[in-house]
2 protein chains.
Amino acid sequence: MSQLRLPPIQTTARDDAVLEALAGFVQQEALQPGDKLPTERILAERLKVSRNTVREALTRWEGLGLVERLQGSGTFLKAAVSPHMLHMPLTLAGGNDFASLMQTLEVRRALEAEAVSLCAMRTGPQELDLIRRKLETMEEAFHSRAGMSSEEDWEFHQAIYRASGNPLFEQLIAAMHEMFHRFWEHPLGVRNFGHASFPYHRSIYERIAARDAEGARAEALKLIATVEADLRRGEAARNQARQA
Amino acid sequence: MSQLRLPPIQTTARDDAVLEALAGFVQQEALQPGDKLPTERILAERLKVSRNTVREALTRWEGLGLVERLQGSGTFLKAAVSPHMLHMPLTLAGGNDFASLMQTLEVRRALEAEAVSLCAMRTGPQELDLIRRKLETMEEAFHSRAGMSSEEDWEFHQAIYRASGNPLFEQLIAAMHEMFHRFWEHPLGVRNFGHASFPYHRSIYERIAARDAEGARAEALKLIATVEADLRRGEAARNQARQA
DNA sequence: ATCATGCAATTGGTTGGACCATTGATCCAA
DNA sequence: TTGGATCAATGGTCCAACCAATTGCATGAT
């Protein structure tokens, strides 16, 4: 016999209750990102809890990136918050830059392949046109600067994710992108990083335009493979330099 | 010209300093998950900060799932913690409808296929043995209750993600799992949900044990396909009932 | 001796009040 | 108009006490 499953009782959970109330308030007032929330002191007074409890609750929201606290100024909403929203922090154990970068790439490979495939099946003429324009902008930047421009490159990929018809892909890959670039502040000594990935952008676009889902997936996998190769090349160079 | 990039100044950041010190302590003492951390009062005394500040810092770690606080008992380490950890909040918007459930499944399909494939390439004998035990537990529960048990099923999949060698997969799929089940409290009228997925669990395990990455991926895709089919079946039934 | 009961210490959770540090607006003088 | 001084508002920190849950020990009955 299982365990009856009737422990829903929860005498007290002060700060959780505070966050619940605050989420309701935000929704009721239709607060947008950037708007200012009530003062900690006011919240404490209105909710009939200590200011300390309010602070612990806000600390949790701050940790989730939902809110930003500026001393002397106030507390401001940083992201949309609604009851039907899942907030969850991703943790990546650092210590080894190379391994962490490869892990984000493995996830990106999984997501990007699927997103490109879905895009090829679902995208409409408008989204396709936008993707083409982003591609041309990227190619132009590539030729004028003689190298990959991460900004235009990223916008091209984003346009694809948006056209996949599933907003989760864009959010998740954006998280991977951000994690990748946080480790990227010290370039790992790779020259012409991403150079090899250039031609695959156009081939991906062509497969999408041809509504060839599997072809687009294959090209996306090739693109990620070139990035992984660049990363491995840099790591090998670093190891060699360390031994010398 | 870009913006000079010189805002590194950071006069004080008490709770950050507390967490940094605590991370160093954990590493120095080689504390493992499950071990007990010093009392809040002791930390406050040793670090020469207020207990309140210690609490805010621990609240952040609790939000990241790194520690667990038990009133009357103490604060316990819940996950490995290293000084150079990267945290990134992930917020996903979802709705309680058929489309949202399908979107979580699309993401899960992408991630699960890749994770299973990586697992087949990387898993060691110990992890493989754990996966086998989880599989047997699940099969036992299936036969005794004549139906899928989501608890044992989930543990089986988790064992695979852990053996994939990339912790991001477990975290991301856990987010999808949570979103899916948050809206699953009212079964959408599907009887024997997940029943068809049962045989694929064993076939996935066998492909992993055989180090057949592509075969494992194929079986994982079949499994997800059965879940999608169940979902579509339920949606069709709902639409039919609505029209009647 | 063994087990149950209950007291007491430990520990996280909460409260209220005070003060510090930063910010932004207001006011005043050059 | 401009520049600086002042001051109120607001988040950050501190302190001391008490509440609530847990744990362990001691006492006592069996």
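In the text below, chain A, chain B and the rest are named by the order of the sequence lines, each starting its count at 1.
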Under 3.5 Å, is there an N or O donor on one side and an acceptor on the other linking the side chain of A/Asp15 and the base of C/dG13?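 Looking at the base of C/dG13, it does not pair with any donor or acceptor on the side chain of A/Asp15 (distance under 3.5 Å).
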Of the nucleotides [options], which one has an atom closest to the side chain of [X]?
{"X": "B/Thr39", "options": "D/dC14, C/dG12, D/dT13", "value": "C/dG12"}
{"X": "B/Ser73", "options": "D/dA20, D/dG11, D/dT23", "value": "D/dT23"}
{"X": "B/Arg55", "options": "C/dT22, C/dG13, C/dT11", "value": "C/dG13"}

Reading DNA chain C from 5' onward, which residue's closest nucleotide shows up sooner: A/Gly72 or A/Arg51?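 Result: A/Arg51.
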Given DNA chain C, 5'-ward residue of the pair B/Thr75 and A/Leu70, judged by closest heavy atom: B/Thr75
For the pair made of [atom1] in [X] and [atom2] in [N], what is the distance, rounded to whole Å?
{"X": "B/Glu68", "N": "C/dG12", "atom1": "CD", "atom2": "P", "value": "13 Å"}
{"X": "A/Lys36", "N": "C/dT23", "atom1": "NZ", "atom2": "P", "value": "14 Å"}
{"X": "A/Leu43", "N": "C/dT15", "atom1": "CG", "atom2": "P", "value": "13 Å"}
{"X": "A/Glu40", "N": "D/dG12", "atom1": "CD", "atom2": "C1'", "value": "8 Å"}
{"X": "B/Asn52", "N": "D/dC15", "atom1": "CG", "atom2": "P", "value": "10 Å"}
{"X": "B/Glu56", "N": "D/dG12", "atom1": "CD", "atom2": "C1'", "value": "8 Å"}
{"X": "A/Arg69", "N": "C/dT22", "atom1": "CZ", "atom2": "P", "value": "16 Å"}
{"X": "B/Leu47", "N": "D/dC15", "atom1": "CG", "atom2": "P", "value": "13 Å"}

After noting the C-alpha distance and the side-chain angles of A/Tyr161 and A/Gln171, does the key distance pass the side-chain hydrogen bond (donor to acceptor under 3.5 Å, both in side chains) rule? CA-CA 9 Å; A/Tyr161 309 143; A/Gln171 297 182 60; over 6 Å; no
Give one of base, sugar-phosphate or nothing for B/Leu58, where a contact means two heavy atoms less than 4.0 Å apart.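 B/Leu58: no heavy atom of the nucleic acid under 4.0 Å.
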Between the side chains of B/Glu68 and B/Lys78, is the shortest nitrogen-to-carboxylate-oxygen separation below 4.0 Å, so that they form an ion pair? no
Look at B/Glu136 together with B/Arg132 and state whether they make a salt bridge at an N to O cut-off of under 4.0 Å.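 Looking at B/Glu136 and B/Arg132, the cut-off is met.
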Under the criterion salt bridge (Lys or Arg N to Asp or Glu O under 4.0 Å), I'd like the reasoning laid out for B/Arg14 against B/Glu56: C-alpha separation, chi angles, the key distance, then a yes or no. CA-CA 10 Å; B/Arg14 283 284 224 263; B/Glu56 292 223 0; over 6 Å; no
Using heavy-atom distances to pick each residue's nearest nucleotide on DNA chain D, tell me which of B/Arg41 and B/Lys48 is more 5'.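 Closest to the 5' end, via its nearest nucleotide, is B/Lys48.
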Short question: side chain of B/Thr137, backbone of B/Arg133 - any donor-acceptor pair under 3.5 Å?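 At least one qualifying donor-acceptor pair exists.
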